[in-house]
Structure formats: structure tokens, C-alpha cells
Amino acid sequence: MARFPDDFVFGASSSAFQIEGAPDADGKGPSIWDVFVARPGRVRNGADAVVACDHYARWPEDVEIAGDMGLDAYRFSISWPRVMPTGRGSVNRAGLDFYSRLVDGLLAKGVRPFPTLFHWDLPLALQRELGGFRNRDVASMFADYAATVARALGDRVTDWITVNEPFEFACFGHLYGTHAPGVRNPFAYLPALHHQLLAHGLAVRAIRAESAGCRVGAALSWTPVHPARAAPAKAAAADLAAAARVNDLMNHISFGPILLGAYPESVASGRILRPPVEPGDMDAISEPLDFIGLNYYSREKARNNPLVPFIRADVSGKEPRELPETDMRTAMGWEVYHEGLTEVLAELRTRYGNPPVIVTEFGSAWTDAVDGEGETGRRVHDLRRVRYLQGSLRAMQAARAAGSDLRGAFVWSLTDNFEWAEGNAKRFGLVYVDYATQARIVKDSGRWYSRLIAARDLDSVSEEA
Ligand code: IFM
């Protein structure tokens, strides 16, 4: 039960905007996040990502760390505006070359590259001129960009991820306005989501046309939603129904179209708000995949509330809240709930036909402290992160034992990085980044993960470094 097979892919993930910095180096165009972080009050402590982890300059060191950790694979994202400064038309060769060097560096260290093509940093020009993903044409522009990247890297990259968490991008960016592009408009949410799904489907076809024999998937978040009140509470049945509605709106809204070719009934039959589906869309969106990527962190609880527009439910929120950090609640305020990962993998078997799955993100933020001194003496004893990773991996093993076709797991994240509206305040990394000096310190969790990858057996790897 505790052993992972030799071909199980152990990796770590990151995304371009969260680590690269260098927003206008070598011909890169601006992204919606570049301007969003510059607006006062949008990011905690007024942080921006102009430097972030300085990965654009320091990538050789990060690749070295990933290789030395023994990672089988590294998931990073490609910045669309680095490759196509205005999102369409002319290609910035220097941008493509950066990723080409990164791929070569990873392969030289024996680490398999898993690039994601869209992790939220949409070219600003597409937002300003066309309304971003609210506009259907942006889906085909994304496919053109995907083809360009696949043409350049497809001789070395065998595993592709099209989009990351289309639900979060649509919801936080277009309904709540807490993420770029900062739109708060219920009528923008479903078009922004649908066109990302369409972009995904068109990109799958485009990548395969350029790079035969590669594997393609999408990285989708799944946050199980449970009723806030259970029987015998009088409201239990109403909360159960509320939880089902929210599950549709957060989870099945992207898994349904991609894996089954259909939106959940509650979404498809919306009287006022419906996804703008056109003939042929669902076929493109449900193009068969080589794997589905699953991002899992925590669960939500829903309480029936007819007064809340759209979802008629209060949701207890995986969104950051000011709650004290404990063993059971991470620095993001998110509940530690590993059982949810086993549940989600079970529903992928029963409702979605047991597709090959890779957990493309799992991990946790904690308040890390640096002990010791000097370049080699500094340590980060992050036992809570080690325990969190153990819990998640045991939940994955339970699902594998029950029949899930789970093929790999990527920790979020390789290094601490820019956590969107939370800025630099939340650290998810296996590697600590001292933002004042940009020094990297492999945390105890990174050392533990390295031992686990070598042993492939949870029971034989001690927590202590
Ligand atoms: O940092 C993010 C990542 O960009 C997308 N998935 C969730 C992570 C933690 O919030």
C-alpha cells in the first residue's frame, strides 16, 4: 500500500508569472497580471511580481535543485506574452528560446518537462482589445500559440498541459474580481470559462498536429463541496442541495465538458446565465486526453441561502481568510482534509470512467522560519508540510488501491513564489526563497521528498532529515 511503482511520476510544479520576474525582458509583452499587481490594494502588502523568484535569470540554479532533488518531472508554465507579445501574430524568438534552454537544462538533469501553456498570464493586448477570454476568438488564438510552442519544443517535450484551473481564472478574475483581469460581472464568468475550455480542446488538436505521439492533458481543480449542516439538522437537505449546486459550478463545470462532453444539467439549463455553446464546441472540448490533471487542496462547505445570487448558497471558502494556522488549517486558512482527495479520485472512477490521472498540484502553505546561519548552515524545519504531503500521498495510495489509474503527483510548489493576491506572504515551496537575497534553501520537506522519490515507499522514509 505504501509503495509507489517505479514508473509513478514524482514531480513539482510552478507557473511563469509566480516565479519568473523580468516582465519586459527580451521583448516580452505585458500580461493582465503585470497591470493588475500594479493597481493599489489588489495584492497583500502591495507586493508585485517584478522580480518574484528571479527565475528568468536564475533558472539554471532552480533546474540544478530540481535535478539534485531527484524529481522525475517538473511542471512549469510558458508565458504566452513572452512568446507572443500581443497574444497573436508575431512570435518573439527570444521568449521561445528561453523555454527551449529550460527544457534542455531539465533533460540534461534527467527531469521530464511538463509545460503548461496557460497559467493565467493572458497577454494584455487580448484583454484590452478583445475582452480576453470573454471573446470566443481568443480560443483559436490560444490554439495558434499552442501550435507555435509545440513546433518549437515538441522534439523534446512529450507531455503537455493546456490550461491550468479554468474555473479559478474565470471565477476570481471575472466574477469576484480578486484576480486579474479584475472584472466583477456575473455575465462575464461563463463565457470566460467556456472559451478557456474551447481553447483547451482546440489546443489539444493543435499540439497533436505538431507533435505526434506526445501526451496531452489539462490541469483542473476539484474542491469537494460538502453540506455545512448534516442530519438531524432541519436544514440538512437544503444544504445538501446547495452543496450539489456549488459542486456543479466549481468542479463538474470543467470536468463534465472535458471528460464527458457535457455541462452539468444545472449549468446547461441556467435560465439567465448559460455557457455560450456553439455547434461543434463540445466535440472539441471533449477531445480524448492522455491524462487528466487534478489540482487538489481542500474542501468547501455550503449552506443553503436563497438570497445569494447565482449559487443560492454561502460557501465557507477555500479563499484566504484570517484564521490562525494550526496542524489542521494551513497558512491560507484552508482545512487540511486529505480524505477529500480520495473522494475526488473515487468520483473520477465512478462518474468519469476512470481516466488516467496525474495530480498536477497538491501542497500547503505554512509560516516557515529559517534556522542557522551561513550559506550551508541555514535550514527550514517544516514538519507540517512533510506531514501534509504524507497525508496527501496516503490518500492517493488509498485511491490507487481502490482502482484509480493514478500515474503521478506534482507538489505545489518547487520554490516559494508569488501567491497571486496574497503576494509573497504565503509560502508553498519545497525550497525556501529568501526574497531579500534570492538565496534558495531546500526545506526539510524538500529533503524528505527527495528521499521518498528514491525509496518510493512512504513507510520506509523517516520524517527527520
Ligand atoms: O498558487 C496557486 C497556483 O497558481 C494554482 N493552484 C493553486 C495554487 C495555490 O493557491
Side-chain angles (χ1 to χ4, degrees), residues 11-21 31-34 36-37 42-44 47 49 52-53 55 74-80 114-122 161-173 176 178-180 193 196 200 217-224 250-251 254 292-300 317-321 323 325 329-337 340-341 344 358-368 385 388-389 392 409-431 433 445:
S13 292
S14 70
S15 92
F17 186 78
Q18 293 178 271
I19 60 171
E20 285 180 0
S31 81
I32 55 172
W33 269 97
D34 291 321
F36 186 78
V37 297
R42 295 310 185 120
V43 178
R44 190 186 286 268
C53 304
H55 172 80
Y74 174 57
R75 175 180 170 232
F76 58 96
S77 83
I78 293 180
S79 157
W80 185 352
F114 268 69
T116 300
L117 287 159
F118 179 61
H119 198 126
W120 304 354
D121 48 352
L122 188 77
I161 293 171
T162 54
V163 296
N164 180 75
E165 297 180 1
F167 161 75
E168 273 76 4
F169 181 75
C171 180
F172 300 145
Y176 296 158
T178 51
H179 280 190
L193 179 81
Q196 281 179 90
H200 150 80
L220 309 180
S221 63
W222 189 328
T223 305
M250 291 180 65
N251 303 316
S254 31
I292 189 76
L294 168 68
N295 294 358
Y296 177 85
Y297 288 91
S298 185
R299 69 167 161 180
E300 304 261 15
K318 189 164 75 62
E319 274 294 82
R321 279 168 298 156
L323 291 171
E325 184 177 320
R329 200 167 282 289
T330 72
M332 294 294 281
W334 299 348
E335 179 190 2
V336 175
Y337 185 67
L341 181 48
V344 166
I358 295 178
V359 173
T360 34
E361 287 182 26
F362 71 108
S364 52
W366 304 100
T367 307
D368 293 318
R385 188 172 286 100
Y388 184 95
L389 298 177
S392 298
F410 287 64
V411 174
W412 183 269
S413 179
L414 177 61
T415 60
D416 293 335
N417 59 49
F418 184 83
E419 177 54 24
W420 308 111
E422 290 294 300
N424 295 331
K426 307 291 178 201
R427 295 177 177 273
F428 276 89
L430 295 168
V431 178
V433 176
S445 58

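Whatever order the structure lists ligands and atoms in, that order sets their numbers, starting from 1.
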| said: Quick check: Glu361 and ligand 1, any N/O pair under 3.5 Å apart? | reply: yes

| field | Donor + acceptor pair across side chains of Glu168, Ser221 (<3.5 Å) | value | yes

| request: Any atoms of ligand 1 less than 4.0 Å from a non-hydrogen atom of His119? List them with their elements. | output: 3 (C), 4 (O), 5 (C)

| said: Side chain or backbone, does Trp420 bring an N or O within less than 3.5 Å of an N or O on ligand 1? | reply: yes

| query | Should Lys426 be listed as contacting ligand 1, given a heavy-atom distance under 4.0 Å as the test? | reply | no

| request: List in chain and number order the residues that pass ring pair (Phe, Tyr, Trp, His ring centres under 6.0 Å) with Phe362, two or more places apart in sequence or in another chain; answer none if no residue qualifies. | output: none

| query | If you round to the nearest 0.5 Å, how far is CG of Asn424 from SG of Cys53? | reply | 7.5 Å

| What part of Gln18, side chain from CB on, backbone N/CA/C/O, both or neither, has a heavy atom under 4.0 Å from ligand 1? | side chain

| query | For ligand 1, which atoms, with element, lie under 4.0 Å from some heavy atom of Glu165? | reply | 5 (C), 6 (N), 7 (C)

| said: Once rounded to the nearest 0.5 Å, what's the spacing between atom CZ of Arg329 and atom OG of Ser364? | reply: 13.5 Å

| request: Would you mind running through ligand 1 and noting each atom that sits below 4.0 Å from a heavy atom of Glu419? | output: 1 (O), 2 (C), 9 (C), 10 (O)

| request: Please report the C-alpha distance between Glu419 and Arg44 in whole Å, then the side-chain angles of each, then the deciding distance to 0.1 Å, and finally whether the salt bridge (Lys or Arg N to Asp or Glu O under 4.0 Å) criterion is met. | output: CA-CA 10 Å; Glu419 177 54 24; Arg44 190 186 286 268; over 6 Å; no

| Partner of Ser413 by side-chain hydrogen bond (donor to acceptor under 3.5 Å, both in side chains), out of Asp416, Thr415, Asn417 | Asn417

